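Okay, structure first, notes after.
Residues take their numbers from the sequence shown, with the count starting at 1. As the structure is a computational prediction, the values presented were derived from the model and not from experiment.
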Amino acid sequence: MSGDVRPAAAGAEPQAAAAAAGAESQLQVILASASPRRTQLLAEAGVAHVVHAVEVDETLEPDLLRNPAEACKKLAERKASASVESYLSDPAHTGTMLFIGADTMVVESGEIFGKPADEADARRMLRRLSGATHQVMTAVSLWLVSAPGAPAAQEAPAAPEASASAGEDLSLYFRTLVDTSNVTFHPLDEAAITDYLTCGESYDKAGAYAVQGEGARLVKRVEGHLDTVIGLPVTRLLQDFPELFGVEERLGGICR
């Protein structure tokens, strides 16, 4: 970015940062994900938003592969950062904006299960999950940006921990969190696994199943937020940041 990028207020919570960014501006929520499931979760919660997803490199260094929670946070930050950079490259995009980057990982005994490469890989994952409890982690990276007069061709900082320089008009606040739910599967025999794989929903899902789809029949119980397992912990976001998502206005200010 050109000029100075700075937190809206050092050490401030997002609610205070939003005020510092300009309470007179209507907050625009921008989802940095093309996932229809995440869009649906936000829409069902009454959060108006637009989608602006950018492809990012999801390669993880070996040390991150050994730390799934940090790996998940890192990918959510990459997605949010790329969306900020791309969106603000259009000088018409000004005002106060909340970018939401997210990444979901299935973790079994410390191993990250991504999207299966093929049917054999999906079958391997489902065998591992059968009759056991695993973790589903969804990291969310919130980037609150105020760009009253954003110059063209701005770039987001490479990492939220860094304090980069940008235009005096631009203020920036970051917060990344991870929410974890425990999911227990029913015991699955080969026939049950084959039957599930034939429905075709495994191949673009982390862990080779979709809890909101036919995969629900594989699940014995979920401990934690179901929306975390689906791909975006909207329940937690609305609880932790009601001002950012307009919850107080919709519920008459009773959410504090």
Side-chain angles (χ1 to χ4, degrees), residues 1-8 14 17-18 21 27-42 47-61 63-65 67-105 112 114-115 137-147 149-167 169-179 204-206 231-234 237 241 244-245:
M1 294 181 182
S2 57
D4 284 337
V5 176
R6 60 197 182 286
L27 186 67
Q28 307 167 56
V29 178
I30 297 150
L31 178 63
S33 170
S35 164
R37 299 173 298 281
R38 293 183 178 126
T39 290
Q40 182 178 359
L41 287 168
L42 282 177
V47 178
H49 65 284
V50 298
V51 172
H52 189 78
V54 178
E55 290 290 329
V56 300
D57 179 8
E58 298 194 23
T59 304
L60 293 168
E61 297 77 11
D63 60 327
L64 284 174
L65 290 173
N67 191 335
E70 289 303 312
C72 200
K73 289 166 67 175
K74 180 63 68 176
L75 291 181
E77 289 168 356
R78 285 182 192 172
K79 294 173 182 179
S81 174
S83 183
V84 171
E85 179 178 346
S86 172
Y87 198 75
L88 294 187
S89 67
D90 183 342
H93 291 153
T94 62
T96 305
M97 294 159 275
L98 178 66
F99 291 82
I100 305 174
D103 191 78
T104 301
M105 290 183 175
I112 298 171
K115 297 173 183 177
M137 302 176 179
T138 294
V140 180
S141 191
L142 300 175
W143 294 48
L144 185 65
V145 180
S146 179
Q154 297 185 47
E155 295 180 0
E161 297 78 12
S163 202
S165 317
D169 290 344
L170 186 67
S171 64
L172 184 61
Y173 175 92
F174 315 75
R175 174 76 181 272
T176 303
L177 58 88
V178 62
D179 198 71
D204 65 340
K205 307 294 190 301
L232 190 67
V234 173
L237 293 175
F241 311 110
L244 289 182
F245 293 98

State the [atom1]-[atom2] distance between [X] and [Y], to the nearest 0.5 angstrom.
X    : Y    : atom1 : atom2 : result
L232 : L42  : CG    : CG    : 5.0 Å
K73  : M105 : NZ    : CE    : 12.5 Å
E70  : L75  : CD    : CG    : 11.5 Å
L244 : T96  : CG    : OG1   : 11.0 Å
L144 : F241 : CG    : CZ    : 11.0 Å
L237 : T138 : CG    : OG1   : 10.0 Å

Using modelled atom types only, decide if a donor and an acceptor are shared between the side chain of [X] and the backbone of [Y] within a distance under 3.5 Å.
X   : Y    : result
S89 : S86  : yes
K79 : A102 : yes
H52 : I30  : no
R38 : G231 : yes

Does any part of the side chain of [Y], heavy atoms only, come nearer than 4.5 Å to the side chain of [X], both counted from C-beta?
X    : Y    : value
V140 : D179 : no
S141 : F174 : no
E58  : D103 : yes

Give the minimum heavy-atom separation between [X] and [Y], together with the two atoms involved.
X    : Y    : result
A32  : A80  : CB-CA, 4.2 Å
M97  : A147 : CE-CB, 3.9 Å
Q28  : G95  : NE2-CA, 4.1 Å
V51  : S33  : CG1-O, 3.1 Å
L64  : K74  : CD1-CG, 4.0 Å
V234 : L41  : CG2-CB, 3.8 Å

